[in-house]
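Every chain is numbered from 1, with letters handed out A, B, ... down the list of sequences.
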Protein chains: 2
Amino acid sequence: MNTIIPQKKRPGRPPKQIGGQHETRTALLRAGVEVLTEKGFTATGIDEILRRVGVPKGSFYHYFNSKEAFGADVIETYARYFSRKLDCYFLDESFPALERIANFIADARSGMQRHGFRRGCVIGNLGQEMSALPDAYREQLIGVFGDWESRLARCLEVARAEGTINQMSDCAALATFFWIGWEGAVLRAKLELNAKPLDIFSEAFFAGLSR
Amino acid sequence: MNTIIPQKKRPGRPPKQIGGQHETRTALLRAGVEVLTEKGFTATGIDEILRRVGVPKGSFYHYFNSKEAFGADVIETYARYFSRKLDCYFLDESFPALERIANFIADARSGMQRHGFRRGCVIGNLGQEMSALPDAYREQLIGVFGDWESRLARCLEVARAEGTINQMSDCAALATFFWIGWEGAVLRAKLELNAKPLDIFSEAFFAGLSR
DNA sequence: CACAATACTAGACCGATCGTCTAATTAACT
DNA sequence: AGTTAATTAGACGATCGGTCTAGTATTGTG
């Protein structure tokens with residue numbers, strides 16, 4: 001698909017660059033996000049990521065102390081990427097709040113479709129694997145969900161203010177519910193290789209809002 | 001916890017027993033269900049299961065052709081166990097249909113609690129890992145979800161007949177929605193090590209039914 | 001009651017993977 | 001010019017997962 005820069009790197013200290021430093025490190029993290037999105041942490045070997053980026057092991061352990069440290073960085077990278085995406089949708093004032101959410105869902109849906117439903121969500125994947133993962137990841141993952149939750153909750157509060165959802169709604173609880181169900185839907189879509197689970201869940205979610 | 005019979009087995013053909021044949025095989029499958037419920041397929045090594053049961057590797061490959069074949073059997077074992085459990089609740093005529101569902105949820109909830117929220121659902125775990133798993137599992141897992149879905153749908157139809165849910169409800173769709181969200185809730189409960197995700201989801205699900 | 005067939009255990013073996021470590025290479029700094 | 005910093009190169013050992021061959025005890029048969 002995209003990816004893969006099998007370009008051999010010369011050894012030795014690289015010339016000082018003004019802008020893009022740490023290209024290799026960035027490339028490793030990017031590849032890490034892609035692979036962990038697809039296969040999770042345990043099933044992924046360092047070598048696979050290395051091969052993808054065209055980098056030998058020496059470089060990897062120059063930039064990261066261990067696979068565990070690498071994983072933590074991948075989580076952070078993904079979380080940053082994702083919360084930017086959420087803001088991009090949830091704060092877009094050119095749409096009413098509920099449509100912003102629908103737009104996010106549509107984007108995520110088409111993203112999964114574009115990758116043949118092989119890629120899911122790094123956070124969901126690692127959450128599922130948690131019992132076989134470094135325990136330090138737990139708080140990190142919980143934190144990411146918390147972040148997503150509060151961003152969505154704020155958007156739902158806007159919807160409540162706009163009067164498009166029930167005035168009595170507990171936006172925080174609704175947001176929690178959304179991400180719980182969404183992860184389930186992503187998992188199921190990956191399993192069945194189609195978008196129906198996403199559609200069924202989001203339809204039910206929106207139906208619940210107007211109640 | 002429970003488990004572990006480190007009792008050394010003597011080699012050679014065992015004396016003919018009348019009742020419990022294939023004890024070892026059964027023990028391996030039982031251990032497999034336990035471990036896969038907790039850690040999934042990829043993160044689990046054969047050795048771990050072997051150690052748990054107190055059986056050497058040779059025995060394993062006597063009973064199963066490969067880890068893949070073993071996994072398929074574990075899925076089947078778990079599916080059988082689970083659909084019996086579902087029937088036990090969903091067909092219990094001493095309760096109205098909606099309460100039967102609530103009873104199932106309560107049981108699953110307390111089961112997770114009893115195991116410190118370390119154990120989730122074999123089918124959900126393997127579904128998440130699917131991209132790193134033998135492709136043959138896909139249809140098997142989809143089939144299991146289909147089975148659960150139809151059992152729940154039937155129960156919801158009883159509820160509709162009883163008038164406790166909206167007459168216009170699409171019971172099949174509701175059942176699909178339930179299992180999507182339920183798996184998400186289990187995953188989240190495992191991550192956060194508490195029952196809140198289960199409660200939030202089930203509350204929202206029941207709220208949606210009366211709409 | 002010999003002796004083959006059967007049922008199962010024992011653990012050696014190979015390959016893969018993880019993480020480390022030394023050497024090599026090149027640019028920057030002084 | 002010489003030293004230090006940054007990075008690549010990839011061999012290496014330890015560990016572990018999965019497979020397979022050999023061995024041992026019991027059953028069944030003529």
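The CZ-C1' distance, from A:Phe60 to D:dG10, rounds to 16 Å in whole Å. Taking atom CG of residue B:Leu28 and atom P of nucleotide C:dT9, one finds them 9 Å apart after rounding to whole Å. Following rounding to the nearest Å, B:Asp47 (CG) and C:dC13 (C1') show an atom-to-atom distance of 14 Å. Distance, B:Leu50 CG to C:dA10 C1': 11 Å, rounded to whole Å. The CD1-C1' distance, from B:Ile46 to C:dA12, rounds to 17 Å in whole Å. Between B:Lys57 atom NZ and C:dT9 atom P the separation is 16 Å, expressed in whole Å. The separation between B:Glu23 atom CD and C:dC8 atom C1' is 13 Å, rounded to whole Å. Put simply, OH on A:Tyr61 is 21 Å from P on D:dA6, counting in whole angstrom units.
Taking the six-membered ring for Trp and thresholds of 30 and 60 degrees, B:Tyr78 and B:Tyr81 have ring planes inclined between 30 and 60 degrees apart.
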Next on the checklist: Evaluate B:Cys171 against B:Glu157 for side-chain contact (heavy atoms from CB on, under 4.5 Å), listing each step before the verdict.
Outcome noted: CA-CA 6 Å; B:Cys171 294; B:Glu157 277 156 19; 3.7 Å; yes

Next on the checklist: Under the criterion salt bridge (Lys or Arg N to Asp or Glu O under 4.0 Å), I'd like the reasoning laid out for A:Glu76 against A:Arg80: C-alpha separation, chi angles, the key distance, then a yes or no.
Outcome noted: CA-CA 6 Å; A:Glu76 208 184 301; A:Arg80 230 194 295 279; 2.9 Å; yes

Item to check | side-chain contact (heavy atoms from CB on, under 4.5 Å) evaluation trace for B:Leu191 with A:Ile142 | outcome: CA-CA 7 Å; B:Leu191 175 62; A:Ile142 292 176; 3.9 Å; yes

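Phosphate proximity of C:dC8 to B:Thr24: absent, as no side-chain N or O sits under 4.0 Å from OP1 or OP2. For D:dT8, the OP1/OP2 oxygens have a side-chain nitrogen or oxygen of A:Ser59 closer than 4.0 Å.
Using a 4.0 Å heavy-atom cutoff across all strands shown, A:Gly45 reaches sugar-phosphate atoms only and no base atom. Among the protein residues, A:Thr44 comes within range of the sugar-phosphate backbone only, with heavy atoms under 4.0 Å from sugar or phosphate atoms but none that close to a base.
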Please list, one pair per line, the donor and acceptor atoms closer than 3.5 Å that link side chains of residues 174-183 of chain B to other protein atoms, with sequence neighbours excluded.
unit_1   : atom_1 : unit_2   : atom_2 : d
B:Thr176 : OG1    : B:Glu149 : OE2    : 2.8
B:Thr176 : OG1    : B:Ala172 : O      : 2.9
B:Trp179 : NE1    : B:Trp148 : O      : 3.2

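Using a 4.0 Å cut-off between charged side-chain N and carboxylate O, B:Asp47 and B:Arg51 make no salt bridge.
Within residues 62-74 of chain A, the residues approached by DNA chain D to less than 4.0 Å at the level of any non-hydrogen atom are A:His62, A:Tyr63, in residue-number order.
Legend: residues meeting side chain to side chain donor-acceptor pair (under 3.5 Å) with B:Asp107, ordered by chain and number and at least two apart, are B:Lys85, B:Tyr89.
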